[in-house]
Amino acid sequence: MPALGFGTLIPDPAETRTATTNALKVGFRHFDCAERYKNEREVGESFQAEFAAGTIARKDVFITTKLWNTNHRPERVEPAFDASCQRLGISYVDCYLSHTPFAFQPGDNLDPRDSAGNIIYDRDVTLLDTWKAMESLVDKGKCGAIGLSDVVLENLVPLYEAARIKPAVVQVESHPYLPQTELLEFCKQKGIVLLAFAPLGHGIRPGPLEDPVVLRIAKENSLTPAQVLLAWGIQRGTAILTTAKTPERARENYNISEIPEATVDEINRIQTRIKLNSVTETGVPGFIARGR
């Protein structure tokens, strides 16, 4: 898995195609997708166009996608995986993640709610049940690795201990305001890749991009604040996901360079703590509008 990845959570279908194509042309070779983003088909169309043109081969692109909460029952896992592959236009996935540890009521409604507007959970399936079905995908050669997204350490440890095939990747929100230090240390000890989403703070203002420490380091090193934050993420041992809708921003995010270790330590000492996404508490992605 390349340490620098491109996240495909882009609501507009046309923008999804354009942004994915731009990312491929800039040099990104790691793409993070999901059934719940409702745009796997558009991402796949961009892949197929570049593959057909001969500019990039499938083997050169690391593709991750995710199992949505409504498909946690074991008998639903493989059909959901196959449907994602069909939409993406690929025959295998490099890494398949459980999007969250929460199981929702199974069915075609991705956001099942009761009359009061509360999520309807599926209490008859455990995360380990789902994980065992995901393990079978690896056994069958359908995906190279499996992992978890939006999981906290308290959920990860028992799953790790019980799993026959250990998680290869854990994807969580992580940035200087939410460094996930304890989780990162566990992942390093176990050889798990911690893949950080929202490394720039998901555009929240004020956020890490406006932090005085980050702004000063950027100026001193002739970098943009985004480049400083991305370099910090990689140098502390995480892989990172960034999303850009324009070629210029894609190039900015791709062309990062190492920052001095002393500045990494400075960013580590930032005391502000802000969690932007409550998905680990409910299973409902905070960055996806309700009803979408």
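When reading the values below, keep in mind they use all heavy atoms of this one structure, side chains included, and skip hydrogens, waters and symmetry mates.
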Trace of the salt bridge (charged side-chain N to carboxylate O under 4.0 Å, His left out) decision for R216 with E266: CA-CA 11 Å; R216 177 176 53 77; E266 280 190 83; 2.3 Å; yes

Side chain to side chain contact (heavy atoms under 4.5 Å, CB included) partner of P106, the single match among T70, D122, I120: D122

Exceeds 12 heavy-atom contacts within 6.0 angstrom, atom CD of E182: no

Step through it carefully: locate the ring centre of F62, locate the ring centre of F31, and say whether they are under 6.0 Å apart. no

Can you pull the salt bridge (charged side-chain N to carboxylate O under 4.0 Å, His left out) pairs that have at least one residue in residues 272-281, sequence neighbours excluded? K275-E281

Is D129 salt-bridged to R73, cutoff N-O under 4.0 Å? no

Examine distances only and state if a side-chain atom of E173 and a backbone atom of L178 form a donor-acceptor pair shorter than 3.5 Å. no

Distance alone, cut at 3.5 Å: any donor-acceptor contact between the side chains of E35 and N71? yes

Let's go through T100 and N69 carefully: what are the C-alpha distance in whole Å and the side-chain angles of both, what is the deciding distance for side chain to side chain donor-acceptor pair (under 3.5 Å) to 0.1 Å, and is it a yes or a no? CA-CA 7 Å; T100 86; N69 301 352; 2.9 Å; yes

When you group the ILVMFWY residues by side-chain heavy-atom contacts below 4.5 Å and let the links chain together, are F186 and W131 in the same group? yes

Quick one, I270 and D211 - any side-chain contact, counting heavy atoms below 4.5 Å? yes

Are Y160 and I165 linked, directly or through intermediate hydrophobic residues, by side-chain heavy-atom contacts shorter than 4.5 Å (ILVMFWY only)? yes

Under the salt bridge (charged side-chain N to carboxylate O under 4.0 Å, His left out) test, which residues partner K245, sequence neighbours left out? E15

Geometric class of the F51/F47 ring pair [parallel <30°, tilted 30-60°, perpendicular >60°]: parallel

Please report the interatomic distance CZ(R113) to CG(N118), rounded to the nearest 0.5 Å. 7.5 Å

May I ask you to say whether E50 pairs ionically with K25, meaning some side-chain N is under 4.0 Å from a carboxylate O? yes

Between T280 (side chain) and V152 (backbone), is there a donor-acceptor pair under 3.5 Å? no

Parallel, tilted or perpendicular: which fits the ring planes of Y96 and F81, with parallel below 30° and perpendicular above 60°? perpendicular

Whether K132 and E135 form a salt bridge (side-chain N of Lys/Arg under 4.0 Å from carboxylate O of Asp/Glu) is what I want to check. no

Does the distance from a Lys or Arg side-chain N to an Asp or Glu carboxylate O, for D150 and K66, drop under 4.0 Å? no

